[in-house]
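A quick write-up on the structure given underneath.
Any value given below was found using the heavy atoms of this structure, including those in side chains, with hydrogens, waters and symmetry copies removed.
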Amino acid sequence: AAQQGRSRIVSSPGNGWPASNAFDSDQNTAWRTGCGPCQPGQPFLGVEFADTVELRCFMLWQDYDSSSCAYLFLEISPDGVSWMTKADFDNVGPGQSYLSL
């Protein structure tokens with residue numbers, strides 16, 4: 001249902017790994033940031049929704065290599081300018097993770 005209201009995907013540069021891969025439901029594709037190693041807050045991946053949505057959880061799949069992130073945070077914005085942290089996730093490992101808010 002959330003995909004129907006999605007208007008665009010934004011991300012930090014991905015060096016040939018487009019951000020749309022992160023939302024295509026295909027575990028054979030991936031999005032990767034162009035930085036590596038990355039500084040905190042440098043890589044980002046986001047979805048701008050056309051309508052207001054309620055996010056309760058999401059699934060994250062990370063490779064079993066050095067590119068996986070152990071710390072993630074979710075930011076929200078009512079206007080795309082002012083951002084606030086909605087949730088922090090520590091000790092996120094490689095493989096499949098279900099993250100709840």
Side-chain angles (χ1 to χ4, degrees):
Q3 287 188 355
Q4 293 172 349
R6 186 174 68 209
S7 60
R8 70 182 178 129
I9 300 169
V10 296
S11 73
S12 52
N15 290 342
W17 299 87
S20 59
N21 286 357
F23 301 97
D24 66 2
S25 300
D26 183 349
Q27 290 187 4
N28 296 309
T29 64
W31 168 78
R32 289 182 187 254
T33 184
C35 62
C38 300
Q39 299 299 313
Q42 185 179 7
F44 67 91
L45 179 64
V47 178
E48 179 182 358
F49 292 97
D51 302 312
T52 301
V53 298
E54 181 177 350
L55 181 67
R56 296 181 190 152
C57 63
F58 60 97
M59 185 194 67
L60 174 71
W61 176 266
Q62 297 193 90
D63 279 341
Y64 287 91
D65 61 15
S66 61
S67 67
S68 65
C69 298
Y71 175 76
L72 304 168
F73 59 95
L74 175 68
E75 292 185 325
I76 60 171
S77 173
D79 57 13
V81 176
S82 302
W83 294 87
M84 65 180 162
T85 300
K86 177 73 173 174
D88 294 273
F89 303 98
D90 290 333
N91 301 316
V92 178
Q96 188 170 333
S97 300
Y98 290 97
L99 306 170
S100 297
L101 304 177

Check: Is Phe73 isolated, or which residues cluster with it under the ILVMFWY side-chain rule of less than 4.5 Å, directly or via members?
Finding: Tyr71
Margin query: Just to verify, what does Thr29 make a side-chain hydrogen bond (donor to acceptor under 3.5 Å, both in side chains) with, not counting sequence neighbours?
Written below: Asp24
Margin query: If hydrophobic residues (ILVMFWY) are linked whenever their side-chain heavy atoms come closer than 4.5 Å, directly or via other members, who joins Ile76 in its cluster?
Written below: Met84
Checklist line | Residues clustered with Tyr98, ILVMFWY side-chain links under 4.5 angstrom | finding: Met59
Item checked: Results of side chain to side chain contact (heavy atoms under 4.5 Å, CB included) for Asn91 - residues two or more places apart only -> none
Checklist line | Any residue meeting side chain to side chain contact (heavy atoms under 4.5 Å, CB included) with Asn28, in chain and number order, not counting sequence neighbours | finding: Asp26
Check: Where the side chain of Ser100 meets the backbone of Cys57, is there a donor-acceptor pair that is under 3.5 Å apart?
Finding: no
Check: Closest heavy-atom contact between Ser11 and Ala19?
Finding: OG-CB, 3.5 Å
Next item on the list: Return the minimal non-hydrogen interatomic distance between Ser97 and Val92, and the atom names on each side.
Entry: OG-CG1, 3.9 Å
Next item on the list: Give, for atom CG of Leu45 and atom CZ of Arg32, the distance between the pair rounded to the nearest 0.5 Å.
Entry: 13.5 Å
Item checked: Listed partners of Ser12 passing side chain to side chain contact (heavy atoms under 4.5 Å, CB included), at least two apart -> Trp31, Thr33, Pro43, Phe44
Note to self: Restricting to side chain to side chain contact (heavy atoms under 4.5 Å, CB included), what partner residues turn up for Leu55, sequence neighbours left out?
What the structure shows: Phe58, Leu74, Leu101
Check: So, for Gly80 and Trp83, which heavy atoms are closest and what is the spacing to 0.1 Å?
Finding: O-NE1, 3.5 Å
